[in-house]
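These values consider heavy atoms only, across backbone and side chains, with no hydrogens, waters or symmetry-generated copies. Convention: sequence-line order gives letters A, B, ...; per-chain numbering from 1.
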Amino acid sequence: MEKPAHALEGASWDARGFYALSNRDTGNVPVRLFLTPSLLGDVDDEVYRQIINATRFPGTKLVVITPDVHAGYGVPVGSVILTDAATGAIAMGPVGYDIGCGMISARSNVPAQEATPEKRRVFNQAVMHRVEMGTGSRSRRLQNLTKIEFEQLVRGGAPAFTALFGSVFDRSRCERNLLPVDSEWQIPWGEPGTPERGINQIGSLGAGNHFMELQHCLQTGTLFAQVHTGSRGFGHGLATNYLRLAGAGDLGFFTPDSPHYRGYVNAVSAGANYAIINRLVLFEAVSEAFAEVFSEKLEIVYEISHNLVQRETHPEFGDVWVHRKGATRAFPAGHPALAATPWESTGHPILIPGSNFDRSYILRALPGAVNSAFSVNHGSGRRLSRTWASKHLNVRQIEKDYRTAGVRVNVDDRVPIDESGPCYKPASEVIDCVVRAGLAQVEYELKPLASLKGKD
DNA sequence: ATGTGC
């Protein structure tokens, strides 16, 4: 029997640097796929179905697919969906359950050679002393918050955190440090999603692909550190609640005439504020641990979310909601939204983690990013399913590989197998793809030295 | 991602 035609054979190469798809399946909505021929061939039926799902929200103007694309809930992880802000939908699946999930990256002047294998372990120990990791992990630094204090934080973002706890950090080095929440909006306490879980979790890592990492920057020869985490049980509870209110499974959405439209906009802001504060609390803990071991402070490079919907003006598509699900904003120099920020003439840093056995990257957007709705990938992209990896990968061999490479994991060097290097595509492949498409250029390459991961 | 599943 003949092999059925690949669903994306109808995609045509566009000289601007992407595969273009627009047909009956997409309802003539343009889809731009930033993939190499090999990555295009890897798109399976499930991801194709989810790409089609992504075109079906009311008022969708464009769908962008990033090279780390893989199946998500309803729509792919690694997708960007632009909907008309005046009349179109705002959708939950295209943000995901981990509202505001993202990265913070920091640098130092400490020569990487100072991080001996023993010091890497001591650093991990110092971080683990300060931060709880894994499913259900709770805060060690913000204990016994009252509901009033918690509400002040998620309504007031990073400035409220500073006001309440006197933390000092350079908030100009954040994508957003406060997303506005309407005072009339009420947090859906007690609803089935139980967002109250989040109260005791603000300042904890979580599980899955979340991590903290000590890195060697190849360009500066110095130590860097990174944190990847999100909105924990709080964002999950909000997403669950609004998906339930929409009553359409993973593909639920609200249009401006819905009574829940503003509610979900507010929920995204509150979830994002939580995630930003969570990253800053963890960064402070990592920074303290770093100072203890390396006698120097870390300096924030940037903080950015890759699961968010934000209102943006696009030169071609106008006033739109930009849903980025596992996709990173990429504003180049001169983008109007960067006016009067430190990034006005350079573009903002783009933080792209690799696996804990592979490189992470910091990029800068180029003018060509207009073609991808100012977005790039958010990671390497999963290659092996968690269940397949847990069943088939050789744990002993992988732990030996980590020891040989000098990557220390937690304090016991036990590698979470469904998060190990082989589970992810090579980072260089997805980075080459966005570089060749003219979306961004590489600023820093970061090699993992010490990795902190929670357990499911 | 998630007090992860009938």
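One atom, CG of A:Asp418, and another, P of B:dT4, lie 16 Å apart when rounded to the nearest Å. Distance, A:Asn200 CG to B:dT2 P: 15 Å, rounded to whole Å. Between the CD1 atom of A:Ile99 and the P atom of B:dT2 there is a distance of 13 Å, rounded to whole Å. Atom CE in A:Met92 sits roughly 20 Å away from atom P in B:dT2 (whole-Å rounding). In this entry the distance linking OH of A:Tyr97 with C1' of B:dT2 reads 9 Å, nearest Å. Whole-Å rounding puts the A:His236 NE2 to B:dT4 P distance at 9 Å. Atoms CZ (A:Arg232) and P (B:dT4) sit 12 Å apart, rounded to a whole Å. Computed from coordinates, the A:Arg138 CZ to B:dT2 C1' distance equals 16 Å when rounded to whole Å.
Residue contacts shown for A:Gln201 are limited to sugar-phosphate atoms, with no base heavy atom under 4.0 Å away. Nucleic acid contact class of A:Ala207 (heavy atoms, under 4.0 Å, all strands): sugar-phosphate only. Residue A:Ser231 is classed as having no contact, given no heavy-atom separation below 4.0 Å to the nucleic acid. Using a 4.0 Å heavy-atom criterion, one finds that A:Asn307 contacts no nucleic acid atom at all. Among the atoms of the strands shown, none is found under 4.0 Å from any heavy atom of A:Gly96.
Put simply, the residue from A:Asn377, A:Val434, A:Asn371 that forms a side-chain contact (heavy atoms from CB on, under 4.5 Å) with A:Phe34 is A:Asn371.
A salt bridge links A:Glu292 to A:Arg130: at least one charged side-chain nitrogen sits closer than 4.0 Å to a carboxylate oxygen.
Between A:Phe331 and A:Phe374, the ring planes lie perpendicular to each other; the angle is over 60°, past the 30° to 60° tilted range.
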Please tabulate, one pair per line, all N/O donor-acceptor pairs under 3.5 Å involving side-chain atoms of residues 93-100 of chain A, not counting sequence neighbours.
unit_1	atom_1	unit_2	atom_2	d
A:Asp98	OD1	A:Ser231	N	2.8
A:Asp98	OD1	A:Ser231	OG	3.3
A:Asp98	OD2	A:His210	NE2	3.1

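Remark: side-chain polar atoms of A:Asp319 are not paired, donor with acceptor, to backbone N or O of A:Ala85 under 3.5 angstrom.
Contact of A:Thr135 with B:dT4 (side chain to base): a donor-acceptor pair of N or O atoms is detected under 3.5 Å.
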